[in-house]
Amino acid sequence: MEKLVYVDRRNTNCNKWDGQTGMFGEEGLHAMWVADMDFKAASCVIDALKEYVESGVYGYYKVPEEYYQSFINWEREHHNLVIKKEWIRFSPGVVAGFHWLVQMLTEPGEAVIVNTPVYYPFLNAVKNNNRRLICSDLICDGGHYQINYEDFEKQIDEEHVKLFILCSPHNPVGRVWKKEELAKIFEICRKHQVYIISDEIHQDLIFGNHQHTPSLCFEEYRDLMVMLAAPSKTFNLAGGQNSIVIIADEELREKWDVYTTGNRVLGGSAFGYIAAQAAYEGGAEWLEQVKKQIYENFEYLKEELAKKLPKAVVTPLEGTYLCWVDLGAYIPAEKVKEVVQKKCRLAVDFGDWFGGKRFGTHIRINLATSLENVEITVNVLAKYLKTV
Ligand SMILES: Cc1ncc(COP(=O)(O)O)c(C=O)c1O
């Protein structure tokens, strides 16, 4: 059985522990933010990279057939999705992928809709490209989130929305959208001819009885959609900058090819491909260990907060390793940073980053770390929030 190895990553040039100044204005905070893991990668990945490193030759890389096959097999076995090799394209990260797609599928000034609170680079992709950002807030019912279909359609109609960026599963609220929910929202997109970018980077981090439904399972909407996947969250390979763009529709694929050929970004680094292939071929057992640890961390956090800060609302973790917690019963939005960062000395993702001040009483905690790091987090929160 593959053993999960926690690594103290301080002083390794990692963003999470060593690169806090950009977002927090200081270093040295207890790092529970950026979505990568404090675990060593699967041994199959390390072995494959070692073999390549030891070859000593790092010239231009021809992507092997086995790379594509490893991902095709993974999707079929884990998500019941049948992908053809010719649908697969490359982007150096999912964020780059959806930035390009915003440019490809819309014109400046056109409207793009998202379900807030949402992974903040979605908002940046729209704003950085001078498109109009339309936010349809999810409905929160005691910490459980749902799509507001009425508002979603109303805004699409009124604002002449051209593109929807879907987060599935949803970061930060941990929802694994049910098939019926996706069907409803895709039907609205069909009715108004809205393109769909479906960011499914968290598709393999699913807990309990929940089941991820890949967007491309819906054959009837394939002409509207591009699916984005990656081994980076699943196998902790974000530094490899290797992600996968899946386009089933021929016309959309042609658009993508014209766009990427024009920008001459057709492939990635050998290291990224090699790591991804090894992970998809042999990383399943490692992933099970990781998921076990994440869920144990979640249950600990939920139970301890229920004892120590019973009014904190912990959103159920259906998927992702990111836990969304509302501290509003203890601190007003304008005091959250002062207490959580300055007093507790925690680096967490702050709620307002995900779409505005109305989410400001929330924090997002990364659970892909040791139980000890989660214990530290809960204890400092309990200590300083009680005294506010
Ligand atoms: C929904 C979502 N998309 C994309 C990313 C990052 O993708 P990449 O590092 O491949 O650009 C993240 C990372 O947290 C994420 O949560």
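Fair warning: this is a prediction, and the values are worked out from it, not measured in the lab.
- In this structure W74 satisfies the side-chain hydrogen bond (donor to acceptor under 3.5 Å, both in side chains) test together with D204, sequence neighbours excluded.
- Between W33 and F24, the two ring planes are perpendicular [angle over 60°; tilted spans 30° to 60°].
- With ring centers used as reference points, F359 lies 6.0 Å or more from F354.
- For H362, the ring pair (Phe, Tyr, Trp, His ring centres under 6.0 Å) partners are W324, not counting sequence neighbours.
- The side chain to side chain donor-acceptor pair (under 3.5 Å) contacts involving residues 51-60 comprise nothing, where partners must be two or more places apart or lie in separate chains.
- Ring pair W100/Y259 is tilted by interplanar angle, where 30° to 60° counts as tilted.
- A donor and an acceptor atom, one from each side chain of Q289 and Q293, are nowhere located under 3.5 Å apart.
- For T261, there are no side-chain hydrogen bond (donor to acceptor under 3.5 Å, both in side chains) partners two or more places apart in sequence or in a different chain.
- Partners of S370 by side-chain hydrogen bond (donor to acceptor under 3.5 Å, both in side chains), not counting sequence neighbours, listed by chain and number: N373.
- In this view, K337 and D352 satisfy the salt bridge (charged side-chain N to carboxylate O under 4.0 Å, His left out) rule, not counting sequence neighbours.
- The ring pair (Phe, Tyr, Trp, His ring centres under 6.0 Å) test applied to W286 returns no partner, not counting sequence neighbours.
- Applying the ring pair (Phe, Tyr, Trp, His ring centres under 6.0 Å) rule to F39 yields no partners; only residues at least two apart in sequence or on another chain are considered.
- By the side-chain hydrogen bond (donor to acceptor under 3.5 Å, both in side chains) test, E2 is found to be paired with S43, residues two or more places apart in sequence or in another chain being considered.
- Scored by the side chain to side chain contact (heavy atoms under 4.5 Å, CB included) test, S232 finds I201, A230, A238 as partners (sequence neighbours excluded).
- With a 6.0 Å cutoff to the six-membered ring centre and a 45° limit on the axis angle, K85 counts as a cation-pi contact of Y68.
- Atom CG of D141 is surrounded by 12 or fewer heavy atoms from other residues, nucleotides or ligands within 6.0 Å.
- Counting only residues at least two apart or on different chains, the salt bridge (charged side-chain N to carboxylate O under 4.0 Å, His left out) pairs with a member in residues 32-49 are R9-D36, R9-D38, K16-D38.
- The ring pair (Phe, Tyr, Trp, His ring centres under 6.0 Å) test applied to H30 returns W17, not counting sequence neighbours.
- In the model, E375 has no side-chain atom that pairs as donor or acceptor with a side-chain atom of N379 under 3.5 Å.
- Aromatic rings of Y321 and F298 (six-membered ring for Trp) have centroids beyond the 6.0 Å cut-off, not under it.
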